[in-house]
Amino acid sequence: MFELACKDFSLGTTLESGQAFRWIEREGWFYGFLGPGLVKVQQQGDRLRCAASHPALTPAYLGRYFALDLDLPHILTLINVDMQIHQALVRYPGLRVMRQDGWETLASFICASFNNIKRIESLIERLAQAYGEPVALEGFGGFTFPQPARVAAASEKALRSLGLGYRAPYLKATAQRIVAGTLRLEHLSQVDYATAKKALMGCEGVGDKVADCVALFGFEKYEAFPIDVWMERVMRYYFRHRKMTRGRLHAYAQQRYGAWAGYAQQYLYHDIRQRRTSAPYALPRPDQAVLIEEPHPVRALMRAEA
DNA sequence: CGCCAGGTGCTGA
DNA sequence: TCAGCACATGGC
């Protein structure tokens, strides 16, 4: 058992914001599979109590995983550019973008495309059961996320039998790229966002959205701004950008939120999903979009993009 | 049962 | 560039 300090952090909000798929809450503890082992974490004020099944899972490891070294208030100051996002920032204090494993993030978001979160979670769990290594911690057990070689060696039929559907060949091909060295993930942490995104999009089943998720959650590319159906809703409800394509929405968000756009995306994403699930009627209909405040000249910005 | 889900790849204008 | 379409699967 060990502890570490965690300033400006909410463990529960962060883990439930849709960026990671394998954390489980049991009796007041969050259990997560990290690298070679299993950890359990509990927040008490500005400290995290932890226990781990593997010596590699140190306080420093967890501090890095939860990105506790970043100055969150400063980041929020930089993206606090309108009332829409301001409300989300105020509503979810301590929400951080974690630094997850690159391969796990890539594989997970290939599985995530055109899928719902419940099913994504079960798919990844079955993948781990089939190809991961068993780990246990104080009565709780499970499987680590599989190594690329294990997935690359699996047959497409076997992967389909897990429920992957047409994503099975995509996942296998991507794992094979990593095993073959065609895609060197360890390099992506050091190159810029555009280079990393381009490399990721070389994989089958990886388009703009998946590449942005992997760049943001797996490779610290904080300007990445993934746009899925929920973010389209955000843009429609709040900004009246109903007719913009995803490409245009992406360019708009990059300009609006800048170097930390990925953080803005995570707050907006979590906010709209929370509103939808907890209070369906709190949202206006798409044809009744509300514009709370518009500090930037949106029309001029849109002309500039054209 | 029909609709939806943290989309992508392909095709034809 | 952009629209339109097929694509596996299962939760609701």
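Order of the sequence lines sets the chain letters (A, B, ...), proteins ahead of strands, with each chain counted from 1.
For A/N116 and C/dT9, the CG to C1' distance is 9 Å, given to the nearest whole Å. Between A/E204 atom CD and C/dC7 atom C1' there is a gap of 14 Å when expressed in whole angstrom units. The interatomic distance linking A/I120 (CD1) with C/dC12 (P) rounds to 14 Å, in whole Å. With rounding to whole Å, A/H250 atom NE2 is found 14 Å from C/dC2 atom P. Regarding A/R273, its CZ atom lies at a distance of 13 Å from the C1' atom of B/dC4, rounded to whole Å. Rounded to an integer number of Å, the gap from CD of A/E232 to P of B/dG7 is 9 Å. If you measure from atom NZ of A/K118 to atom P of C/dG10, you get 16 Å, rounded to the nearest angstrom. Whole-Å rounding puts the A/L164 CG to C/dC7 P distance at 18 Å.
Residues A/F109 and A/V229 fall within the same hydrophobic cluster, defined by Ile, Leu, Val, Met, Phe, Trp and Tyr side chains chained together at heavy-atom separations under 4.5 Å. Note on A/L15: it does not cluster hydrophobically with A/L70, by side-chain heavy-atom contacts below 4.5 Å among ILVMFWY residues.
For residues 165-177 of chain A, proximity to DNA chain B is found at A/Y166, A/Y170, defined as any non-hydrogen atom under 4.0 angstrom from a strand atom.
Note on A/Q266: a base of the nucleic acid sits closer than 4.0 angstrom, heavy atoms only. A/Q19 comes within 4.0 angstrom of a nucleotide base, judged by non-hydrogen atoms across all strands. Backbone-only contact: A/G163 has heavy atoms under 4.0 Å from sugar-phosphate atoms and none from a base.
You'll find that the side chain of A/R160 is closest to C/dA8, out of C/dC12, C/dA8, B/dA5. When distances run from any side-chain atom of A/T245 to the nucleotides B/dT8, B/dA5, C/dA3, the shortest one goes to C/dA3. Closest to the side chain of A/R248, from the set B/dT8, C/dT9, C/dC2, is C/dC2.
When each of A/Y269 and A/V206 is assigned the nucleotide of DNA chain B with its nearest heavy atom, A/Y269 is the one assigned upstream, toward the 5' end. Taking the nucleotide of DNA chain B with the nearest heavy atom to each of A/C203 and A/S17, the more 5' of the two is matched to A/S17.
Within the structure, every side-chain polar atom (N or O) of A/R246 is placed at least 4.0 Å from both OP1 and OP2 of C/dT1.
Relative orientation of the A/F33 and A/F140 rings is tilted, given thresholds of 30° and 60° on the angle between their planes. Between A/F66 and A/W23, the angle of the ring planes lies from 30° to 60°, which puts this pair in the tilted group. Using bins of under 30°, 30° to 60° and over 60° for the plane-to-plane angle, the ring pair A/Y222/A/Y263 lands in the tilted bin.
Donor-acceptor pairing under 3.5 Å is recorded for the side chains of A/H250 and A/Q254.
No donor-acceptor distance shorter than 3.5 angstrom exists from the side chain of A/K221 to the backbone of A/A194, with no hydrogens or angles considered.
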